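Everything numeric in this text was worked out from a predicted model, so none of it was measured. Numbered from 1 within each chain, the chains take letters A, B, ... in sequence-line order.
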Amino acid sequence: MPLEYPLVLKHLREKAFKPGIEAYLSLEGYQVYRRFLEASAESLKQAMRTAGLRECGTGVLVADIWDRAPQKPILVINAHVSEPGNFKDRTLLRDPHQMIEGALIAAHAVGAEQIYFYVRSDWTAEIKLLEAAIEDARAYCFVGKLEGGGGCEACVYVGGGAAICGETFGVEAAIVGCRPVPSMMGHPSVVIHSVETVCQVKHVLSVAHETLTRVFAVGGGVQRPGCYEFPCGSLTLGELIYDVAGGLVPGRKLRGVFPCGVFSKCVAAEALFALGPRQVSLYDLPMDFDTWPQLGLSMGRGSVIVIDDAVNVRSIIVNLMRFFATEICGFCVPCREGSRWLHQMLERIQRGEGRPSDVELMLSLTDQMRGRVACPFGEFMADSVHSLVTLFREDLKTT
Amino acid sequence: MSDILIFFDCESYSVPQDITILEAAERIGKAIPHICSHPKLSVSGNCRSCLVEVALPDKDNVLQWQPTPVLACSTKVQNGMHVRTQSEMVRASRESVMEFLFAQRPLDCTVCDKAGDCSLQNIAFDYGRSCSRFHETKIKKPKQIIVGPRLILDAERCILCSLCVRFCKEVLKKDLIAFSERGSATQLVCAPQSDMESNYWLNMVDICPAGALVDSKATLKPRPWLLKKTPSISTESSVGVNIDVWSREGTLYAITPRRNDFVNDTWMPDSAREAFVDKRERCSECRIRGAVVTLEEAVRYSAQQIKESGGFGIVGSSFLSLEEQFLLKKLLDSTPSKLFWLKHEDRGDGFLVSDDRTPNLNGAFLSGLLSQPPDDLNAIKAAFAQNTFKTWLVFYEDIATWVDKKALDGKTLIYCNTHSNKSAKEATVLLPALTVFEQAGCFVNRDYRLQKFLKAVERKGVPSISDAIKGLLSHFNITVDLWPTIQAAIPALQNTSFDEIPLTGIQLKKSDKSV
Ligand code: SF4
Ligand code: SF4
Ligand code: FES
């Protein structure tokens, strides 16, 4: 069984851990920040490049993001990712100082003088905690402009609460106070990082280790759902589901997995993948950054959802479709109209009024959306729904 | 900037740099459907109907077709770019976008005021499916929402293209309407309690591609395909807004803006849209002291009066066309007469309504009638009071309303107007005139742009002002070859006949003044 390697989750793993600043300082908190305050942006970038740290979600190298950063940007920490089944950001927010420290380092590296912690409006407890933490950090002069120049301001920016507000363009729009729709009118001067990424920034610099970790949020039909942290690529999907998360409830059968979250395809339990010359089963796929894109899946944000045979798959699909139909921004025609149409169809099927042609029509509609929508969110939706309908077409037949 | 080479469906064209594929296609006459883009508004890219297939040569000069179609309305052309506008992938994209657009739509083209002049309808004809795969219940949305002072919104017809929102934001610089809600619940709403004053609401009716916004005062017009469209110029102010006049069998039904990038882009003020509605009685016959006469008789009598009285006063008008003004200049020069002129000013709006509320003041400068800004109200009053002239030739100005009744007595008033008014009733000789819609001619706008208007409707039996002035001139043994005279006076027109003047006009210079 692969061994967990908690860096980002280290504090949270300890039962006695308190999120206050004293506790954090006693655990060598803000040491890394102090140490690197004097370091040049270039050396920080180099460290990121050597470690190969990637932005969670997009998989872009953090060093590249910093290279491309605009002049004097605003650093936005996106704690608004609202992918169903992805609960790791919320977990990480319970150790707020770790995130603040990482963010301060990142701000230093890109030359930002302002950090926005952009948090979902419904995470009220986490917002309170974070606000208090920022005040504490300010009292210790970690946050705030320094006399004689330098220093970085930070504040909490409460987002609108829709999933689309957590996508890149939604964040950009929110920061300039606009509706979350894609804009062709240029981008505001921001650098956006996910919560996990800035936490990782701190750890990459703290221990000069070769181990880069990733946090996975495993949920659905497993016995021990939760967040687990492992060195990148050190385990397979099978190990993650069966060994780490406790496997399925005895007596149940695996039907499918969202290995990369619901914003990507759902894969059948018995699926085989061609990895180079080898045929690899789902269980043997390594949880690293490079394997998945070769298989037409994005690595996503590290959430894994397991579907066993005890749940009503039809309800899952209807539920997910309702999520998509209500959480999109409604900017472009194929996604707006397509999602509403699919949602209406699935609800009708749920009511037991399915028609024989429904499955084919749904597949055709998702095909019609692909490549014609205005942002990746619409593509994700099309992929996700298409895979679900293909995989579970028998479950959708009502008659 | 030099032009670049671009291939549309394998044919090469040279187009300017820095334009979008859609603009390039329009220049060379290729049709790419587009709904949410407008030449004068920012790009949005939400309708996805303009998708085309694009390829660029790689370094070995092998064409690399992009795996997914791109937006023609926001992708800039590049040298060597290949564009497919009719491929299978493009057709499929358009078809699917149309299917999505029409899924929830009420199919009420038959009762929609926009039908026949609707981009959505046109594209649906070309690319829509002939049968629907939509078996759900269509979502109900509010209908007949009052938007602003005179628009009605049908939210079910609205395709959320954001053109109207962008128009308010970018052209009017006021957020009059906006979207509320999100996702499939997005709806157009009117900003509550904001300042709804605007003279440009109806432009949103023009640009709305889906018939969702309609003018509450102009519903149930004849269908556009029954109407004839004639290019014309608005006489509202010296801006010279370019318009199209829609008419049928001699009746005018609507005025819409006509694109002229030098003058009004694609917009026009609402106040100019009902210029053809004039409830006053028309002057359509020549009269001498109330008795109907022929033009010859009226002109002969007028000429006789002018000759008898030695000299006469002329009150000209900036509503006269350039041609009429040149004839008037000839009359002024060849008779013992003195010219008076009035200004018509009111506060403009800094956009398409200027302070000068006449269409052709600069024409008077070009024809040499005026050399200074006119302001002769008191001079005219005084001339009447002091009996300076016994005979007056007056165009349009309703002098009887402000010249002393006593001073008017005993004068021979030769009056020329399209509609009846106090002066027309008191005139000794009444000469009718044609409106701007009933004849062709030119106006010179505030920026010295010469623009022509064409005859939209025929008004039989009514002589024009040109006929009247020419008649008068003939009694002084003068014949005028009008267009050569104008050409001689305005060097920029040297080799241009009236028919050759482009619809967007010719830019003249202030110095093109006739001497
Ligand atoms: S694809 Fe969906 S989420 Fe993305 S812009 Fe279009 S409507 Fe919005
Ligand atoms: S009302 Fe018309 S112009 Fe405005 S968003 Fe709707 S369809 Fe577009
Ligand atoms: S015209 Fe290009 S997306 Fe609408």
Side-chain angles (χ1 to χ4, degrees), chain A residues 160-165 170 178-186 322-349 351 353-355 357-358 360-362 364-375 377-379 381-382, chain B residues 20 35-37 41-51 53 66-71 73-75 89-90 92-105 120 129 132-139 159-162 165-166 169-170 178-187 210:
Chain A
I164 201 68
C165 303
C178 294
R179 289 169 59 77
V181 293
S183 159
M184 302 257 175
M185 310 303 286
R322 178 181 318 129
F323 166 82
F324 280 127
T326 51
E327 298 291 294
I328 53 150
C329 74
F331 169 79
C332 71
V333 170
C335 172
R336 163 165 35 93
E337 301 300 329
S339 66
R340 177 159 55 179
W341 187 345
L342 287 166
H343 181 213
Q344 281 182 302
M345 281 178 84
L346 282 162
E347 292 220 307
R348 174 165 55 72
I349 295 172
R351 288 197 305 270
E353 296 164 22
R355 301 160 60 104
S357 58
D358 280 345
E360 291 317 314
L361 180 53
M362 278 193 275
S364 153
L365 290 182
T366 44
D367 273 338
Q368 290 196 22
M369 287 158 70
R370 285 174 169 168
R372 289 154 198 172
V373 289
C375 85
F377 199 82
E379 298 280 351
M381 160 163 73
Chain B
T20 63
I35 298 176
C36 74
S37 81
L41 297 175
S42 66
V43 177
S44 171
N46 61 55
C47 77
R48 323 301 287 178
S49 63
C50 65
L51 292 165
E53 231 182 314
Q66 305 221 350
T68 52
V70 304
L71 293 184
C73 69
S74 65
T75 312
M89 186 210 268
V90 172
S93 304
R94 289 175 189 166
E95 232 176 74
S96 45
V97 168
M98 276 298 124
E99 177 165 38
F100 285 132
L101 268 178
F102 275 84
Q104 303 276 357
R105 242 182 114 67
L120 191 64
R129 285 173 188 267
S132 170
R133 301 194 288 174
F134 186 80
H135 300 292
E136 322 309 316
T137 318
K138 292 195 181 185
I139 292 194
I159 54 165
L160 307 172
C161 70
S162 83
V165 179
R166 277 177 277 155
K169 209 186 204 73
E170 292 162 23
F179 290 132
S180 81
E181 307 301 320
R182 192 194 57 243
S184 40
T186 313
Q187 250 194 51

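Using a 4.5 Å cut-off between heavy atoms, A:Leu365 contacts chain B through both its backbone and its side chain. With a 4.5 angstrom heavy-atom cutoff, B:Leu101 touches chain A via backbone and side-chain atoms both. Looking at A:Arg179, only its side chain comes within 4.5 Å of chain B, counting heavy atoms on both sides. When heavy atoms are compared at a cutoff of 4.5 Å, B:Ser44 approaches chain A by way of both its backbone and its side chain. Contacts between A:Glu347 and chain B at a heavy-atom distance below 4.5 Å are absent for every atom of the residue. For A:Val373, the part lying near chain B is the backbone, with the side chain staying farther off; criterion is any non-hydrogen pair under 4.5 Å.
A donor-acceptor pair under 3.5 Å is formed between the side chain of B:Arg182 and the backbone N or O of A:Thr326. The backbone N or O of A:Leu361 lies less than 3.5 Å from no partner atom in the side chain of B:Arg133, so there is not a single donor-acceptor pair.
Shown here for A:Arg372 and B:Ser93, the closest heavy-atom pair between the two residues is NE-OG, 3.3 Å. Scanning all heavy atoms of the two residues, the minimum distance from A:Ile328 to B:Ser184 falls at CD1-N, 4.3 Å. A:Gly371 and B:Pro69 get closest at one heavy-atom pair: O-CD, 3.9 Å. Looking at every heavy atom in both residues, A:Val333 comes nearest to B:Phe100 through CG1-CB, 3.9 Å.
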Mind running side chain to side chain contact (heavy atoms under 4.5 Å, CB included) on B:Glu99 and A:Trp341 for me, showing each step along the way? CA-CA 11 Å; B:Glu99 177 165 38; A:Trp341 187 345; 3.5 Å; yes

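Each of B:His135, B:Lys138, B:Glu136 was checked for a side chain to side chain contact (heavy atoms under 4.5 Å, CB included) with A:Gln344, and the lone residue meeting it is B:Glu136.
Contacts with chain A were tallied for B:Thr68, B:Ile139, B:Leu71; B:Ile139 has the most, counting heavy-atom pairs under 4.5 Å.
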